[in-house]
Every structure is written in C-alpha cells, then in structure tokens.
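Chain A is the first sequence line, chain B the second, and so forth, proteins listed ahead of strands; every chain is numbered from 1. Every value quoted in this text rests on a predicted model; they were computed, and no experiment measured them.
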Amino acid sequence: MPHDDHDHPHSLLPPDPALRVKALETLLVEKGLVDPAALDAIIDTYAHEVGPRNGAAVVARAWSDPAFLDRLRTDATAAVAEMGFTGRQGEHIVALENTATVHNLVVCTLCSCYPWTLLGIPPGWYKSDAYRARAARDPRAVLSEFGVVLPAATAVDVWDSTAEIRYLVIPRRPEGTQEWGADALAGLVTRDSMVGTGLARDPGTCP
Amino acid sequence: MPHDDHDHPHSLLPPDPALRVKALETLLVEKGLVDPAALDAIIDTYAHEVGPRNGAAVVARAWSDPAFLDRLRTDATAAVAEMGFTGRQGEHIVALENTATVHNLVVCTLCSCYPWTLLGIPPGWYKSDAYRARAARDPRAVLSEFGVVLPAATAVDVWDSTAEIRYLVIPRRPEGTQEWGADALAGLVTRDSMVGTGLARDPGTCP
Amino acid sequence: MPVTRVHDMGGRHGDGPVTPAPQDAPPFARPWHARACAVTLAAGALGLWSIDRARHARECLSPADYIRFGYYEKWIAALADLLVATGAVTREELRGAPATPSPLASRRLAAADVAPVMGRGSPYGRDGAGPRFAAGDPVRTRRPARNLYVSGGHTRLPAYAAGHSGTVIRCHGAHVLPDASAHGLGERPEPLYTVAFRAADLWGVSAHPADSVRLDLWESYLESP
Amino acid sequence: MPVTRVHDMGGRHGDGPVTPAPQDAPPFARPWHARACAVTLAAGALGLWSIDRARHARECLSPADYIRFGYYEKWIAALADLLVATGAVTREELRGAPATPSPLASRRLAAADVAPVMGRGSPYGRDGAGPRFAAGDPVRTRRPARNLYVSGGHTRLPAYAAGHSGTVIRCHGAHVLPDASAHGLGERPEPLYTVAFRAADLWGVSAHPADSVRLDLWESYLESP
C-alpha cells in the first residue's frame, strides 16, 4: 500500500516527466501489462471523440425538447445515455440549470473530477491549484477572471464534486434563439458554459 | 503592502539563493540602508555568542539553585535577564519543567518561533515542514525519530509558539548528579533537551 | 483544518488568478500528457486497484511533489507507486532492470476493448441500507475531516466543510465508501447525499449571503445537528 | 480548515520523518544563510515594518514558492517584497538598475548598535484592557481561523485549533494584536492567553488521551463556550 511510504518508488524513474512516462510505458508493454494499440485507442478516444460537443448536444436538446428536459431533471444519467453518452467519469450525471436567479459553478477541490463523457478531458485551469483553492471560497472573483460578472442578486451555487456524481451545467438559453434548431443551438454552448465559468455565446457574435 | 500581490518583486532577483542574497545585500549597502560591518556583527553574534550554552546555563542553575527556580517559575523573563539573556526573540520567556509524569515539547507550526536569546538560531529540523506539520499531531512519533521513547503514562504537552512567548524546556535532572556544580550540570543539557526533542545527557556517558 | 493533506486545498489563500483557456484548446497540451493519461487508464483496467486507492496514491505524494508536479506528473508518479505496491512491477524494473513477463498479462486491456470498457465505466451505486436522512433534513458534518479506519487515510470530506451545518438536498442511494475502498477494506456502501451549506457559514462574512456550496457526502460523514 | 495558507501546516499528513541534527551543528549551514539572516535583521532595524508584517510577507509567497523555498530563501524573498512594498527599494533596482541613495539611510543600523539593539529586542506587552478570562475558564476558539479585518490577512490562530474547546491556563497581559499590526492597522493590544486543548479533541482517537496542545491566543480569538 502506498499509504505514506516515504520511499516512493516513483523516484526511481527518470526525473524528466516525458521520459518518466516513456520509461513506464515501455516497462508495462514489455511485461505484457499494456497493449500499445490500446494506448493509441484511448488517446484517439479522448483527443478526438469524447469532448464538449457531447455536452453541447445535451444542452441544446434540453433547451429545445421539453420532454427531454423533464427526463434530464428526473434522471440525467439515463437521459444522456439515450444520446449515447455513457462511461468512465460519467457514471452518475446530474444536470444543473442556470436561471435568472441562480448560477451554478462546478469544481473538484480534492482532485479534478469532471464529466468526461460529456466534456472530455478537463482543461488545465480546471485542474489548477488556483481554481481548486479559490472556486468554492471566492466564486465571483474566479468568474470575473473568466469575464463573467453576475448581477449581485444572482446567487452562486458552487458544486464541489466530492463523490462520483458528475455535474453538467445547463447555461441559460440566449435570447433571440426561439427559431434555432438543436444543431445551431449547440454552437452557442461552450465548454466553460457547461462548467459554469462561462455563459452561452451571444447569438449576435456567433460565427 | 505585499498582501497577495501575485507579481512578487522577489522574482526580479537572480534565482540562485546565494546570488539572490548577495544581490540584495549589495543593493541595500549601495543605498545606504545596510552597513556591511553591522552584518558582520550580527553574524558574529549568532554564530558565536548567542547559542544553547545560554539555555544550558539557565537549566543548570534551575536545577541547582532553588531560589532561582522560584524566580524562573514566577517570571522567567526577569530570571533569565539576571543572567544577561535578553533581546530579540526572547522578549517574553516561559520555562516548562519536565517531570516524571509530563514531558514538554515546543514547536511553531505557523513559522519557526524559537527562543533565540537562550538557544540561538533554530536548527534545520525545527524549521522543517515535517516537524511543523507533525509535532503537534503526532509528538510521540516525532520523539521516537529523535530516539526518545516516553513511558505511555507520561503525558506530552505540546506548546505551539503562536505568539511572542518563547518557551524553554527544563529537562529532568539526571540521577546521580547531586554533587555536581552548575558548570558540570550545564554540560549535560543539550539543545534538543531544551526544545523537548531530547533528554538531558546521562552523566555516565558524558565526556 | 489540516488533519489532512496538501491536496485538500479548497478555500486556501495565496494562489494567483485562474488562467482561462480557449474553448477549443486541444485536450492534451503535450504528447506525453496523452501517453500518461492512456498508460494510467490502461493500467487501471488491470483491475488491481479502485479509483479511491488511485486517488489516495496521488494524495500520498509528498507535499513538495504534489505542489511542484503537474497533473499528469502526479498521475504517473502515483501509477509507479501503485504498480510497485500491488506487485505488478518491481523497484528493480523501475530502476531499469530487464522486465520479467507478468502473470497478470492475461488481464491486459486489448485495443478492441477500449471503446466498450471506457464506454461502460464502473458505476458506484450499490444495494445498501436505506437513507437515514431525507431532503430538507438539517445535518452536521463530522469533525475533523478524517478517515475513521486508517489514520491519515483517504476521505472525501474536505477540511473546509468539516464540522459545519447544512441541509440535505438529495439522496443518491448507496454508493461505494471511498474511506474503505481506498484501503482494501471492501466497498461498505453507504447512502450518499448532496448537502448544501451557506457560503457565509463556511467562509464568514466575506461570502455573498445568497451563495451556497454543495458537496456529495456519505452518511457516515454526517450526524444530526 | 484551509481558509488559510500553506504555511498553516500543523497537523498536515504526508510529510516524512524529521531528521535530527548534531547538538553542536553550526547555526548557519551555508555562508549565505548567515548573510540572509543578517541582511534581514539589519533591514528590519530600519523600522519600516512590524514582525507581524514580515511574517505575513513570508506567508504571502505563492504556495509553490513557500514549499520549495528553504527557510532563508523565504526570508530573502519576503524581504525583497517588503522593501518594494514600503518604497525602500524599487523594482528597477531589484532588476539591477543603478541604486539611488535612500533618504532612509539615517536609520541605518550601525555596527556599534548591533549588540544593544539585538540585546534589547522589542517587547510586545502593552497597557490594555484587563482580561475577560481567568486561568481555569473554559473557552472556545473562533472558527474559521481568519483575520477579521482583512480577507486572507494574517492571523495566529492555526486552522487545526479553530472552533475547539479548551481551558485557559495563563494570562500574559495585553500584547500587540498581529491581525492588526500585520496590516498597518495599529497595535490594538488585547489580553493574550495560553489555552490548553486535549490532543484527542483536536486530532481524534489516534491521539494519546493524556496529551495536550497549548497555544498562545489573543482574546478576540476566543469566546465563552
């Protein structure tokens, strides 16, 4: 058990992180514990297939399909599974709807839990000490660093992902999009808006 | 005010610590803010004059002079001032007497406060993260790392130096020293025994 | 309070501003980040440790390493520690000695299984005792935040939320208890709740009076106030 | 809890063993340690900051710097920050621009004054209000551990001791309040007490039942339980 073993085996590996990874990969492949083709498949999955487009599709549908929104509210895990979004770091999903009076912000202060199935690999800032240390205590200052200034009357609910529940923020639907279809709506939904550090794009400025 | 100024001026100095010190010293001397001869005098003071011999003299006298021990209990600052021990990081002194049932251990979890006038500059371990983090929570494990194993019936009182009170531990006087004079007794008193991470030397093993 | 580790940083002062990234930034900033991620997931698929044990291995990095290492450096360091702790590799192999074929090779994740394994995940809900608390109930978190089974062990109650009063807003059924699972003590599932705390109760008057902080907490972390 | 900074490490898990030193180890392990100590004391003698402000400058180093810097590296970094903050030196001078003679040179500590200045120290006792608590009184520390004047400001209540019940064992009279003094808010002297806590109350059942932890705490850190 590595519990407070102060003679950490990792110190036996080369200090340079890229060489460290390479040394461990080589060793595991040689021992038959890791298949290099599986590594390529994992990287391909998270570099190209699983990313914030998934979450954006969920948000766009929640905005435009009231029956889906109902299912999302009742059991978000099942509702997003309908759309094919299941798996690692997305086993238990809860959707958080922003309103005129409540803004939701997601953090993981203890590590970097994040809804991989819907948003992919977390961005660097989400994993940074600054975000982890400050988001729960000082969310409005953190939001201002993302250019988001909320009305003082809007409450901020911060969700610290301490268990295996993964949170997806449903940003507010921009005004003037009543006629938009789901695909166009999804183009308004940024990664940050689904973590709560951003808002959906203004349709007037959208490409 | 340097309060959470994230553009810390210190980063403008050379990264190597020895060069950093030299650069700052040179600048302050050039500006007329620091006298090089004063630096030498300060170093001489703490390298050669003020050190654990002071504390050992206090302990030896406390062991051998009951009237002094009474004064030490009543007002340790005044009692050690009688012996000439006054000044920076020794403005307010409290003596802690070890007994058969209580062992005292001193730490400063928030920085490295230490009774300079009696013990000089703190040793590296006293300033280490490991000592600061662990001494208050797990004093018996820390003591064991110094080779000190206390009877289970002995209570450990840990003193966290959070204000300007500086603590001097009075170790237990070794058996078989009834006839010893103060100078010989002082030879039994180690630095660690006055912090509480050691005991007084066994007279049988003393040089 | 710090009966905890350096990873438990929620509420800490002294960190600088957060640096946002473009919405379309590539998920892996460096090629070796992608390799580190993939090696960790592939090794995890051997089934030698739980996610809780893997988290605890990262938390057990020395405070200095935890702070100076980047995200994937922590992953790789903890992975090496876990592989040695479980006997999957030896210290000598980490040092560069010739690798011995592993009897665990039959568990190797095949490329063809990546999609189904990642797409399935591993749900943490379990059958278990019914919940003691209901939505709307006031609760208080235990204090200090610590593992009750192992001194210094893994727990998911952040120090900033220990000993505070809040309100249950949801019960998620029974989930695997990290405090046990991280230490090979079985899953010991317990009801998991989302609990809301007033930000001002946690942080004092500097917090906005309308704001809240919500955490997912197991039943043994909670008591009636 | 971590409404605090990385310096507030009492109780933290994950640090390795303590490494003792010979009883007669030289006080300065490296020549530059001695220079760093002397420069800091000599600059401090200019009277531009209180000891509390100097401590806070060290605490305000970034968490990464605080952990990776050695003791005297922290001193020198904080000294540079303080000298700029007080206007005694400029950023340009730190960068290597030619030094301008300082109008504060008249305050320079002369070599002949080192012994009397160091030997005098600066006592922190002050006239002030009489104590509200007496030895034997039960008290509870405030929670969270934080500066009431400045968000994230200096305080000397460690997080591990916040919100705990203890017993006053001694009153030291009124002392300068660090929470004010560190931020240029005057000395605001308050009665200072030594308070004893049961170790088991602070750390849980892993503590020895007979053990205690004692801290020196100002009156505004305490309330009646």
Of the listed C:V84, C:L157, C:D113, the one with the largest count of heavy-atom pairs under 4.5 Å with chain A is C:V84
Run the side-chain contact (heavy atoms from CB on, under 4.5 Å) check on A:E30 and C:E93 step by step: do they pass?
CA-CA 11 Å; A:E30 286 178 1; C:E93 287 173 329; over 6 Å; no
If one checks every heavy atom of C:Y193 against chain A at 4.5 Å, the contacting part turns out to be neither
Whatever's closer than 4.5 Å to a heavy atom in chain C on A:A23 counts as neither
Of A:P17, A:A37, A:C108, the largest count of non-hydrogen pairs under 4.5 angstrom with chain C goes to A:P17
Subject >> Stepwise salt bridge (Lys or Arg N to Asp or Glu O under 4.0 Å) test for C:R55 and A:E164 >> reply: CA-CA 12 Å; C:R55 287 198 183 111; A:E164 301 305 333; 2.7 Å; yes
Among C:L46, C:L217, C:T40, the residue with the most heavy-atom pairs under 4.5 Å to chain A is C:L46
Applying a strict 4.5 Å limit to non-hydrogen atoms, the region of C:R107 in contact with chain A is neither
Is it the case that the side chain of A:H8 and the backbone of C:D81 share a donor-acceptor pair, with hydrogens and angles ignored and the cut-off at 3.5 Å? no
### Any A:Y46 side-chain heavy atom under 4.5 Å of C:L41 side chain
yes
Nearest heavy-atom contact between C:A210 and A:A155 is O-CB, 3.4 Å
Checklist line | Heavy-atom side-chain contact between C:Y160 and A:R137 under 4.5 Å | finding: no
When the 4.5 angstrom heavy-atom criterion is applied to A:V29 and chain C, the contacting part is neither
So, the part of A:L110 with a heavy atom under 4.5 Å from chain C: the answer is both
Heavy-atom nearest pair, A:L39 first then C:A42, reads CD2-CB, 3.7 Å
Greatest number of non-hydrogen atom pairs under 4.5 angstrom with chain C, of A:T109, A:L13, A:V102, falls to A:T109
Exercise for the section: Please check if the side chain of C:D211 supplies one atom and the backbone of A:V156 the other of a donor-acceptor pair under 3.5 Å. Expected result: yes
Applying a strict 4.5 Å limit to non-hydrogen atoms, the region of C:W218 in contact with chain A is side chain
Between C:R120 and A:T86, is any pair of side-chain heavy atoms under 4.5 Å apart? no
With chain C, the option among A:S193, A:A47, A:S128 that has the most non-hydrogen atom pairs under 4.5 Å is A:A47
A:V94 and C:H172 have their tightest heavy-atom pair at CG2-CE1, 4.1 Å
Whatever's closer than 4.5 Å to a heavy atom in chain A on C:L104 counts as both
Exercise. Donor-acceptor pair, C:R95 side chain versus A:L12 backbone, under 3.5 Å?
Worked result: no
Counting heavy-atom pairs under 4.5 angstrom with chain A, the leader among C:G96, C:A36, C:A21 is C:A21
*Just do the side chain to side chain donor-acceptor pair (under 3.5 Å) check on A:D157 and C:S212 with the steps written out, would you?*
CA-CA 5 Å; A:D157 289 346; C:S212 76; 2.7 Å; yes
Scanning both residues in full, the closest heavy-atom pair of A:A38 with C:A110 reads CB-C, 4.1 Å
Note to self: Under the criterion side-chain contact (heavy atoms from CB on, under 4.5 Å), I'd like the reasoning laid out for C:Y72 against A:R20: C-alpha separation, chi angles, the key distance, then a yes or no.
What the structure shows: CA-CA 11 Å; C:Y72 290 113; A:R20 206 165 241 234; over 6 Å; no
Fill in: Any donor-acceptor pair under 3.5 Å from A:K31 side chain to C:T100 backbone
yes
If one checks every heavy atom of A:E49 against chain C at 4.5 Å, the contacting part turns out to be neither
Bottom line for C:P123: the part with an atom under 4.5 Å from chain A's heavy atoms is both
- Under a 4.5 Å cut-off applied to non-hydrogen side-chain atoms, are A:S112 and C:K74 in contact? no
The interface call for A:T45 against chain C, heavy-atom contacts under 4.5 Å, is side chain
Main-chain N/O of A:A152 paired to C:H208 side chain as donor or acceptor, under 3.5 Å: yes
Heavy-atom nearest pair, A:A41 first then C:A111, reads CB-O, 4.2 Å
How about C:L109 and A:I42: do any of their side-chain heavy atoms sit closer than 4.5 Å? yes
TODO: For A:E145 and C:V18, indicate whether the former's side chain and the latter's backbone hold a donor-acceptor pair under 3.5 Å.
DONE: yes
With sequence neighbours left out, the residues meeting side chain to side chain donor-acceptor pair (under 3.5 Å) with C:E190 are C:S220
Under 3.5 Å donor-acceptor, A:W159 side chain and C:D216 backbone: no
Okay, A:V142 and chain C: the region with an atom under 4.5 Å from a heavy atom over there is side chain
Ignoring hydrogens and geometry, is there a side-chain-to-backbone donor-acceptor pair from A:H10 to C:E73 under 3.5 Å? no
The interface call for C:P22 against chain A, heavy-atom contacts under 4.5 Å, is backbone
Rounded to the nearest 0.5 angstrom, the CD-CH2 distance for A:E25 and C:W32 is 13.0 Å
Counting heavy-atom pairs under 4.5 angstrom with chain A, the leader among C:A115, C:P26, C:P27, C:A78 is C:P27
Under 4.5 Å to a heavy atom of chain C? For A:S161 that would be backbone
If you tally heavy-atom pairs under 4.5 Å between each of A:V50, A:L33, A:L24 and chain C, the highest tally belongs to A:L33
When the 4.5 angstrom heavy-atom criterion is applied to A:P14 and chain C, the contacting part is neither
If one checks every heavy atom of C:F197 against chain A at 4.5 Å, the contacting part turns out to be neither
Interface check, chain A: of C:A207, C:S206, C:A88, most non-hydrogen pairs under 4.5 Å belong to C:A88
If one checks every heavy atom of C:Y71 against chain A at 4.5 Å, the contacting part turns out to be side chain
Bottom line for C:S122: the part with an atom under 4.5 Å from chain A's heavy atoms is both
Distance col, row C:H7:NE2 vs A:D129:CG, nearest 0.5 angstrom, shows 12.0 Å
Greater than 12 external heavy atoms within 6.0 Å of C:R142's CZ:
yes
Under 4.5 Å to a heavy atom of chain A? For C:I51 that would be side chain
Of the listed A:L19, A:T190, A:T26, A:I165, the one with the largest count of heavy-atom pairs under 4.5 Å with chain C is A:I165
By side chain to side chain donor-acceptor pair (under 3.5 Å), A:R73 pairs with (sequence neighbours left out) A:E97
Interface check, chain A: of C:A199, C:A34, C:C37, C:P98, most non-hydrogen pairs under 4.5 Å belong to C:A34
Note: C:V89 and A:L28 closest approach over all heavy atoms is CG1-CD2, 3.9 Å
Worksheet entry | Test: A:R132 and C:D15 ion pair at under 4.0 Å | no
